[in-house]
Peer 1: 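Before we start, here is the structure in question, set down as structure tokens.
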Amino acid sequence: MRTISVRAHGKVNLHLGVGDAREDGYHELVTVFQSLSLSDVVTLEIDDEETVATGSIVSGLTATGLDAASVPQDATNLAWRGVDTLVDFYRARHGLGSLPRVRIRIEKGIPTAGGMAGGSADAAAALLAAHILVTETMPALDQTTLDALAAELGSDVPFTLRGGTMLGTGRGEQLTPMLSRGRYHWALVFSKQGLATPEVFGHLDQLRDQGREIGPSLDTTDLAHALMTGNAEEVAGHLANDLQAPAVSLRSDIARTLDLGKRAGALAGIVSGSGPTCAFLCRSELHARDVLDDLLSEGVYSGATATGPAHGAYLIDG
Ligand code: C5P
């Protein structure tokens, strides 16, 4: 049996400014993404005998690793949808014939429903793996078309496809590369239970309706300058997340974790995306390990150290 394996990385939002809700239900964002070393691997196991001409080419999905028990194993999984989206596009536009049947295997290193784009990374990896499979017999798509298919799968999927350090506007899917020097070291604290992204956005709207002044933090100028210095202490002073207040309001353990991180000596702590993962910026790899050890000894659920920026999705085997 042949396989195609693609790795894709998680992310932290160094800045997440959330504007008003739009007609389509999404919120207008100004965000700065940094991809992190934490990654998932999506493997397509290609059937040597059976081919499929219509409907999904995916016959099943399994997940192992971090939070694997809470990963959906059916066609709602973003990796499964990633394969279907790519194949459907080729069928509609390029008269694609039969393809081999595939099974999807996901090795998770990014928390599920943690605000680190774990599902989005799987979607990006699956999209790229399916593209590699289809282009064995068909012409390749250009980057713009792949980005558009990624955006159909979710707002963070184009970023996890591309990686690095990017400004995200629109609903987060419109990307502009940013200048960034150096490597940044993080201590990450995961939660036992995830948070649903729509719930956190919805709660931000509620808090604002009740008169709470939360952002919108739409100016990334100072952070952009800080990133060009390559100095983590400078960057630490300009982290911002408008989803932090609603995430903390929904889950009281987040406030405690942020407080513990500060006391452990992190340069700065922030909720990652819509949470509940908390990300602590540190001076060095050693410092990140020290901060994480301190947090673990205080009884937080679990965690890891990570560095950024990392890559977008890429083929590792196949
Ligand atoms: O794009 P994605 O499917 O990842 O978004 C999940 C949910 O998060 C959306 O349905 C929406 O409720 C919320 N969201 C939002 N504004 C954004 C991105 C996501 O309100 N810019």
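In this chain, residues are counted from 1 in sequence order. Whatever order the structure lists them in is the order used to number ligands and atoms, beginning at 1.
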Peer 1: Name the residues in contact with ligand 1, where contact means a heavy atom under 4.0 Å away: which are they?
Peer 2: G25, Y26, H27, L29, G154, S155, R171, T197, P198, F201
Peer 1: Do the non-hydrogen side-chain atoms of L153 and R81 ever get within less than 4.5 Å of each other?
Peer 2: yes
Peer 1: Identify every side-chain donor-acceptor pair in residues 214-229 under 3.5 Å, counting partners at least two apart or on other chains, and give the distances.
Peer 2:
unit_1, atom_1, unit_2, atom_2, d
S217, OG, D242, OD1, 2.6
D219, OD1, T221, N, 2.9
D219, OD1, T221, OG1, 2.4
H225, ND1, T221, O, 3.3
T229, OG1, A226, O, 2.6
T229, OG1, N231, N, 3.1

Peer 1: Report yes if some heavy atom in the side chain of F190 is under 4.5 Å from a heavy atom in the side chain of M116; otherwise report no.
Peer 2: yes
Peer 1: Side-chain polar contacts of residues 303-312 - donor-acceptor pairs under 3.5 angstrom, sequence neighbours left out - could you list them?
Peer 2:
unit_1, atom_1, unit_2, atom_2, d
T307, OG1, R183, NH2, 3.2

Peer 1: Using atom types as modelled, flag every donor-acceptor pair under 3.5 Å from a side chain in residues 117-134 to any protein atom, sequence neighbours excluded.
Peer 2:
unit_1, atom_1, unit_2, atom_2, d
D122, OD2, K108, NZ, 3.2
H131, NE2, L141, N, 3.0

Peer 1: I'd like to check L258 versus Q244 (side-chain heavy atoms, cut-off strictly below 4.5 Å). Are they in contact?
Peer 2: yes
